[in-house]
Amino acid sequence: MRILEFSGACLVAAFSLPAQTPTVVSHGIADVTMCYDEVRDRLVCFDNYGEGTFEWDGSRWGRIQPGSTAYLRSPVWFPPLGQILALSGGALVGYDGHDVGVVHSVPWTTNQVSLTVDQAAGRVYSLVNVSPSHALWTWTGGAWQYLSTLQGPLTLFGIAVDETSGALVAVALNLLTHMYETWTWDGIGWTQANVRSERVGPICYDPVLGQIVSFGDGETASWNGSTWNVTPTPGARAGAETLVFDRSNGRMFAHTWSEDVVSVRDSGGWTIFDGPHVHVELVRPTYDSGRGRLVLFGGDPLGRSTLAEWDGVRWQRAITATAPSPRYRHAQVYDAARQQTLVFGGSGVTTTDTWLWDGSSWQQYSGPSPSARTLAAATYDDARQRVVMVGGLGATGNMSDHWEWDGATWTQIAATTPMGNNFAVLGHDRARNRSVLVNGLGDTWEYDGVAWSMIVANGPKAHFNNSELFWNPVAQRVQGDLGFPNSEQRHEWDGAAWTVIGVSTGAYVFDEARGVLLAYRPDELLVESATPAAATAYGSGCGAAGATIATTLTPFGMPVTGNAAFELDVRAAATQSPVLIAFGASQTQIPLGAGCDLLLQGSFGALFGLTDAQGLWHLPLPMPANLALRGYPFVAQAAVTDASAPLGFALTQGLQLVVGD
């Protein structure tokens, strides 16, 4: 039994802890489709592999419905419904900020379709590939209506309504001439308006400029009705596959598949901001035990020198006046005695540079150093307070030397080691005061501070894609991924033999402050925890019959301990109306009449608010940074006063929440 203090009340809950479960806590947006939700004022990214829906509110990212969203193609904002419409599974679907539901069937079967919306007329246009041409359809809420056919062997890049002229504009690549063509439709027929060799697309209408804008191949071009006028794009990426406009704030967003950043253009020009995950290739992250942070350093896909830290809730990129050059496969070790993260060498580095990160600034060491190298094996010896580094790949090939860092200088311990010049990974056994090395031959060696000794021959192997071995203070063992490329398994070392204990999940860091294992991948960060944070909808809401907007309760982010940005969002058909969110100990289902159910029991608190002119109420619900709360469940349900509803109010569905990692 444990006690959860919440909003001045107490919840007593009995539960059993589940097994350690890998849970995604940070995910990239490299393969998403985007749209801007004008009612909720958020940039919405739909992951194409079912990893969830990601939203950006102008300053922070939140993950909605993880793992439940299907592939949504060509999302567009549709004002009459106050929803994002998209194509999925042979249907037109809508996203209201809480769930995805079928809006209408479609009269075609191909996936090669582009949607756009005539904002003024409340009309959806769809240009469908019916090779070798494209069929134009329209939808206003009833049946789809066929309008016309755009002839020609074209690969479509996008369509948009020119709200200045009222014409529908399409841009496409002619597969015979390899020229980019611009076509307009005036409600009667298609007219070819422009041909150019430079890439055009994607496109969207910019109401601030009063023109359609295209973004591609490092240029921004605007359409004046007959020609494209190119303008500089300093600060933006070279190209994009998605282009959307935020009418609420006068901003344009561009996104390129395979990248985890978003370009945004406002009155000040183009800038780039990071997605919810930091993508760095071929790195060996470390744990700063003094500050309780995972430290990630290297070069990102944009060629930037990237230093980012995970604080248990979110990534924070560190921007400093001085920093090491972008690199990968470098040695990185946390020096606990000096509370510094040491970085040495790496690919793309031609000098023997050593850098030290103290949490606020970088310092470069200028004294005698090991020769330049990549793929060096390194670890921290707690007992001797030394960084141990062995081997690596240098200008003349593999090396087998042994160096140590004492916080002030590098000292060469041996010019050659008995392990030979073979790739290796390294870790430190704190219980036995031994540095443990595994090479590419499958040999396991230990160093006691005086000499190296081989313990196992022809065992599990290391290869150049492995991260370093790490110390698990809970298991009191050295662990790490070993094996052949693409078939690694997690192993554990007891001082005499290796034992397989699980599958490979990423580059490991043990978060000692929270007692959980983190596994970093370029596309996501996982936490292995017995108490993962969770937010799951259950039951059904109720309201006025035929209401366009369902009354819903949705989390923004997850109830992770220490997440000060966690919030609950109520959306309702009733605007400027009182809202009550009640919290309870567990789920129930008590019929209230008119199809409404009370979905919680053991109530221990409630909060009051008011929906705004859009029917929204955002309730900040910061999670305490108290690890003792991990695993505590509670439920929530909201009621909104609505005179058009049978009972005089609308109810949301229930929301089951678990505070955790």
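P622 approaches A564 most closely through the heavy-atom pair CB-O, 3.6 Å. The two residues P473 and E512 make their nearest non-hydrogen contact at CG-CG, 4.4 Å. When all heavy atoms of G28 and D47 are compared, the closest pair comes out as O-OD1, 4.2 Å. Of all heavy-atom pairs spanning A547 and A573, the tightest one is CB-CB, 4.3 Å. Smallest separation of non-hydrogen atoms from R60 and A565: NH1-O, 2.5 Å. When all heavy atoms of D37 and V39 are compared, the pair lying nearest together is OD1-N, 3.1 Å.
The aromatic rings of W362 and W357 lie tilted to each other, with the angle between the two planes from 30° to 60°. Note on ring orientation: taking the six-membered ring where Trp is involved, the planes of F583 and F634 are tilted (angle from 30° to 60°). The aromatic rings of W315 and Y520 stand perpendicular to each other, their planes meeting at an angle above 60°, with 30° marking the opposite boundary.
Atoms CG and SG, from L72 and C35 in turn, are 10.5 Å apart once rounded to the nearest 0.5 Å. Here the OG1 atom belonging to T505 is positioned 11.0 Å from the CD atom belonging to E488, to the nearest 0.5 angstrom. In this structure, CD on E51 lies 11.0 Å from CG on D31, to the nearest 0.5 angstrom. Note: R42 CZ to T53 OG1 = 12.0 Å, rounded to the nearest 0.5 Å. Summarising the geometry, atom CD belonging to Q332 is positioned 10.5 Å from atom CZ belonging to R327; distances are rounded to the nearest 0.5 Å. Atoms CG and OG, on D661 and S529 in that order, are 3.5 Å from each other to the nearest 0.5 Å.
Checking D597 against Q589 by side-chain atom types alone, a donor-acceptor pair falls below 3.5 Å. Using a 3.5 Å distance cut-off with no hydrogens or angles, the side chains of T536 and Q656 do not pair a donor with an acceptor. R430 and N472 are not linked by any side-chain donor-acceptor pair at a separation below 3.5 angstrom, with hydrogens and angles left out of the test. Side-chain contact annotation: Q340 with D335, donor-acceptor N/O pair under 3.5 Å absent. A donor-acceptor contact under 3.5 angstrom links the side chains of T554 and H98, judged on distance only. Side chain to side chain, D311 and Q316 meet the donor-acceptor criterion of an N or O pair below 3.5 Å.
A salt bridge is absent between D96 and R571: the closest approach of a Lys/Arg side-chain nitrogen to an acidic carboxylate oxygen does not fall below 4.0 angstrom. The pair E281-R521 does not count as a salt bridge, with every side-chain nitrogen at least 4.0 angstrom from each carboxylate oxygen. One finds no salt bridge joining E309 and R317 here, because no Lys/Arg side-chain nitrogen approaches an Asp/Glu carboxylate oxygen to under 4.0 Å. Residues R251 and E38 are not paired through a salt bridge, judged by the lack of any N-O separation under 4.0 Å between the basic side chain and the carboxylate.
For an aromatic pair to be called close, the ring centres must be under 6.0 Å apart, and F297 with H330 satisfies this. Note: F470 and Y287 fail the aromatic proximity criterion, with ring centroids not under 6.0 Å apart.
Put simply, the side chain of N433 does not reach to within 4.5 Å of the side chain of D381, judged on heavy atoms. Side-chain contact between H27 and F54: present, with at least one pair of heavy atoms (C-beta onward) separated by less than 4.5 Å. The shortest distance between side-chain heavy atoms of V278 and L296 falls below 4.5 Å. Within the 4.5 Å cutoff, side-chain heavy atoms of E55 are placed close to those of F556. At a threshold of 4.5 Å between non-hydrogen side-chain atoms, the residues V658 and T531 do not count as touching. The shortest side-chain heavy-atom distance between Y508 and R490 falls under the 4.5 Å cut-off. For the pair L619/I581, a side-chain contact is recorded, criterion being any heavy-atom separation below 4.5 Å from C-beta on. In this structure, D382 and H428 have side chains that are in contact, with non-hydrogen atoms separated by less than 4.5 Å.
Of the possible donor and acceptor atoms, one in the side chain of N563 sits under 3.5 Å from a partner among the backbone N and O of M558. Under the 3.5 Å distance criterion, the side-chain polar atoms of T379 are left unmatched by any main-chain donor or acceptor of V388. The backbone N or O of I29 sits less than 3.5 Å from a side-chain atom of H255, completing a donor-acceptor pair. Without hydrogens or angle criteria, N466 side chain to D481 main chain gives a donor-acceptor distance under 3.5 Å. No donor-acceptor distance shorter than 3.5 angstrom exists from the side chain of R40 to the backbone of D569, with no hydrogens or angles considered. With hydrogens and angles disregarded, a donor-acceptor distance shorter than 3.5 Å links the side chain of W61 to the backbone of D274. In this structure, the side chain of Q653 does not engage the main chain of L599 through any donor-acceptor pair within 3.5 Å. Counting only distance, with no hydrogens or angles, the side chain of R434 and the backbone of R432 share a donor-acceptor pair below 3.5 Å. Here the side chain of T611 pairs a donor or acceptor atom with the backbone of Q576 at under 3.5 angstrom. A donor-acceptor pair under 3.5 Å links the side-chain atoms of H277 to the main chain of E524, judged by distance alone.
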Next item on the list: Let me see the working for W471 and Q476 under side chain to side chain contact (heavy atoms under 4.5 Å, CB included), right down to the final yes or no.
Entry: CA-CA 7 Å; W471 174 250; Q476 287 289 294; 3.7 Å; yes
Item checked: From CA spacing to verdict: side chain to side chain donor-acceptor pair (under 3.5 Å), T652, Q637 -> CA-CA 6 Å; T652 69; Q637 186 180 19; 5.0 Å; no
Checklist line | Check against side chain to side chain contact (heavy atoms under 4.5 Å, CB included), V659 and T561 | finding: CA-CA 6 Å; V659 182; T561 53; 3.6 Å; yes
Next item on the list: Check the pair V25 / W310 against side chain to side chain contact (heavy atoms under 4.5 Å, CB included), numbers first and verdict last.
Entry: CA-CA 10 Å; V25 292; W310 176 259; 3.7 Å; yes
Notebook entry, point to check: Stepwise, does the side chain to side chain contact (heavy atoms under 4.5 Å, CB included) test hold for N48 with T33?
Noted result: CA-CA 7 Å; N48 290 338; T33 53; 4.0 Å; yes
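Qualifying side chain to side chain donor-acceptor pair (under 3.5 Å) partners for N626, counting only residues two or more places apart in sequence or in other chains: none. Applying the ring pair (Phe, Tyr, Trp, His ring centres under 6.0 Å) test to H491 and every residue at least two apart in sequence or in another chain returns nothing.
The number of heavy atoms from other shown groups lying within 6.0 Å of OH (Y328) does not exceed 12.
W405 pairs with exactly one of W355, Y365, F344 by the ring-ring contact (aromatic ring centres under 6.0 Å, His included) rule, that one being Y365.
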